[in-house]
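The next block holds one structure in the form of structure tokens; read it before the comments.
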Protein chains: 2
Amino acid sequence: MPSDQSAPHAAPMEGGGAYNRGGVVQAAHAGSVLPLLEAAVRRVPVDPTGAPLVLADYGCSQGANSLAPLHAAIAALRERVGSERPISVVHNDQPGNDFSSLFRLLEDDPGSYLRDDANVFPSAVGRSYFRRVLPPGSVSFGWSSMAVHWLSRAPATVPDSWHPAFTAVASVREAYERQSAEDWRTFLTHRAEELRPGGRLLVSMLGVSDDGAPGYEPMVRHMHAERDAMRADGALSAEQGARLFVPALGRSRTAVLAPFGAEGRFAGLAVEHVEVAPAPDPIWHAFSGNGDAAAFGKRWAAMFRVTIAPSLAAALDPADRAGFLDRLEAGLAARYAAAPEPMPMWVARVVLARTDD
Amino acid sequence: MPSDQSAPHAAPMEGGGAYNRGGVVQAAHAGSVLPLLEAAVRRVPVDPTGAPLVLADYGCSQGANSLAPLHAAIAALRERVGSERPISVVHNDQPGNDFSSLFRLLEDDPGSYLRDDANVFPSAVGRSYFRRVLPPGSVSFGWSSMAVHWLSRAPATVPDSWHPAFTAVASVREAYERQSAEDWRTFLTHRAEELRPGGRLLVSMLGVSDDGAPGYEPMVRHMHAERDAMRADGALSAEQGARLFVPALGRSRTAVLAPFGAEGRFAGLAVEHVEVAPAPDPIWHAFSGNGDAAAFGKRWAAMFRVTIAPSLAAALDPADRAGFLDRLEAGLAARYAAAPEPMPMWVARVVLARTDD
């Protein structure tokens with residue numbers, strides 16, 4: 001964790017498209033949500049003015065996991081408005097996001113939504129989505145995938161775990177729950193302002209099961225074991241180890257619905273759908289087919305490295321980061337490979353409609 | 001020059017905001033154009049729908065030279081539409097542009113147009129402006145400052161100069177003139193499509209004086225001398241030296257007006273104003289005041305390094321670039337300092353209006 005309490009809400013990513021190459025689990029999350037996405041886009045009103053229809057991608061990272069869902073959203077709109085209507089796609093993430101990789105991906109990737117549609121216009125906004133990002137009433141469909149569980153700041157240090165969901169310190173856990181609740185309301189308030197009347201917002205985020213399990217238990221176990229091993233052999237000081245935690249927290253169905261109250265309404269948004277579902281585990285699926293434990297370990301370690309590890313490493317001095325990341329990736333790969341098991345993961349999904357009032 | 005003939009049209013910039021810190025001459029260009037800009041923005045029609053008004057910044061680089069002109073454009077619009085109307089500002093440059101520096105500048109710079117206006121919404125498009133960049137009919141005011149003299153590709157190698165304006169080889173010069181003419185028409189055609197009826201486009205670019213002088217003669221002389229010195233002492237091979245040229249060419253009044261013909265019309269654009277003027281020389285101005293020749297040399301060398309040198313260095317192997325740039329900057333600083341003189345520079349400016357037909 002950066003000591004700066006206005007830390008970025010998403011992990012600082014490694015550049016050069018690293019996230020695009022490693023985010024296989026995020027990609028599987030995105031794939032499983034397509035039917036829900038298409039149904040939501042079909043309910044969006046399309047005015048007859050011919051003005052560009054705006055799709056927003058909140059927390060885009062380098063874009064790899066945005067291509068398929070946005071392609072699907074565009075296709076669902078094209079069925080209704082034909083091929084000529086301009087469609088703007090706005091990708092949003094932190095100012096420091098690797099937007100060059102995003103734009104290159106849009107130009108070059110065979111799966112890019114630009115490939116078969118000359119009337120789609122991509123752009124990017126480098127600004128925290130905990131603020132205003134787009135003009136009021138401008139967005140027809142908003143999408144956010146596996147991003148908003150990253151908090152706007154770390155409300156407390158986490159002394160006993162790298163993840164606040166696993167701390168035994170009640171006051172720390174409560175501080176994170178409060179921050180998560182506040183961030184969720186802030187995110188929704190801004191998105192409500194940006195949506196057109198009748199526009200839809202689909203948010204996927206790290207979930208917590210209905211019986212309170214945060215998921216990722218094997219990852220947490222292996223990470224703690226590797227951290228302790230690094231401490232034991234001097235690769236990490238106790239002081240450094242205590243800084244290794246991430247400002248992220250999954251949300252239960254109750255937490256997702258909390259702002260909406262008994263009427264299911266908040267800030268001009270109405271809940272159309274909510275679910276907390278087990279998330280697909282493509283790495284375990286591949287292992288079940290090929291029995292390759294080494295590959296299984298490497299894929300989980302690579303996944304950890306590009307999604308979470310940079311945020312951990314940001315707490316260390318810059319000179320120490322690369323060595324830490326290499327050691328961590330190698331250590332986790334060995335630990336996963338030694339005892340392959342499925343990774344319990346939960347994803348919370350909510351579809352919201354902007355009301356007219 | 002990259003050997004790839006689909007080379008980027010703008011010089012690859014050094015990251016980390018280098019261009020923002022070094023582009024003092026570009027900043028002076030931008031400053032001198034403000035009255036023309038404000039007059040153009042005042043003639044733009046503003047519809048009463050309340051939809052966002054769109055300003056486009058073609059060739060934004062890292063944004064430092066866009067802040068003052070866009071601030072002025074926004075102020076001129078605010079006089080007419082009040083403080084509530086959303087204004088979108090779209091910054092455009094190559095996919096590889098340093099958009100993170102741009103977004104950080106917009107957030108943090110005291111001169112940012114976001115500072116005193118909550119209803120301005122910045123975004124970026126990472127795509128060559130020799131293609132479609134924005135939806136048809138969406139732009140109220142387009143602005144491009146000191147960018148479109150960079151060509152979409154190098155049509156030929158330049159054997160005897162680092163700049164095609166100074167070659168003695170007629171066929172090479174003609175190839176560059178043809179490419180420049182084609183690129184200008186391509187640029188205008190796409191911008192015409194993007195402008196709203198009555199929208200205005202103001203383009204500033206490297207000019208050629210009415211008697212045919214391309215300007216920058218001292219810079220060319222010093223650069224050639226430094227290149228020859230590097231060859232003589234083995235820092236640069238003859239083969240490397242032959243690759244050191246930039247795909248850029250200024251435009252004369254005649255070249256700027258060529259697409260528009262006798263009627264002053266092209267692709268739905270009408271010429272409202274054209275000029276080729278001497279460009280301000282803030283570095284000479286400072287030297288005239290303080291007589292500090294060393295500072296004079298350093299400023300021109302730094303200016304060369306951030307604007308043009310990266311494009312030259314791109315022709316070299318990556319491992320050779322930093323050494324080449326350091327040597328070149330130091331050598332140019334010494335040569336400028338040894339004999340301070342004003343830098344003749346010309347800027348071509350044109351204001352175009354989108355007609356209704």
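Note on naming: letters A, B, ... go to the chains in the order of the sequence lines (proteins, then strands), and numbering restarts at 1 for each one.
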Query - Interface moiety of A:N92 toward chain B, non-hydrogen atoms closer than 4.5 Å - result: neither
**Report entry** B:R85 portion near chain A, given a 4.5 angstrom heavy-atom threshold
**Finding:** neither
Query - Reported CG-to-CZ distance for the pair A:L102 and B:F99, which is rounded to 0.5 angstrom - result: 9.5 Å
Query raised in the report: Given the options A:V90, A:I87, A:N119, which has more heavy-atom pairs under 4.5 Å with chain B than any of the others?
Result: A:N119
Query raised in the report: Is it the backbone or the side chain of A:A51 that comes under 4.5 Å from a heavy atom of chain B, or both, or neither?
Result: neither
Requested in this report: Of all the heavy-atom pairs spanning A:E107 and B:G126, show the shortest one and how long it is.
Outcome: OE2-O, 3.9 Å
Query raised in the report: Ignoring hydrogens and geometry, is there a side-chain-to-backbone donor-acceptor pair from B:R104 to A:P95 under 3.5 Å?
Result: no
Query - A:R127 side chain to B:F103 backbone, donor-acceptor under 3.5 Å - result: no
Query raised in the report: With respect to chain A, which residue among B:A124, B:P86, B:S123 yields the maximal number of heavy-atom pairs within a distance under 4.5 Å?
Result: B:A124
Requested in this report: Please state whether the side chain, the backbone, both or neither of A:P52 comes within less than 4.5 Å of a heavy atom of chain B.
Outcome: side chain
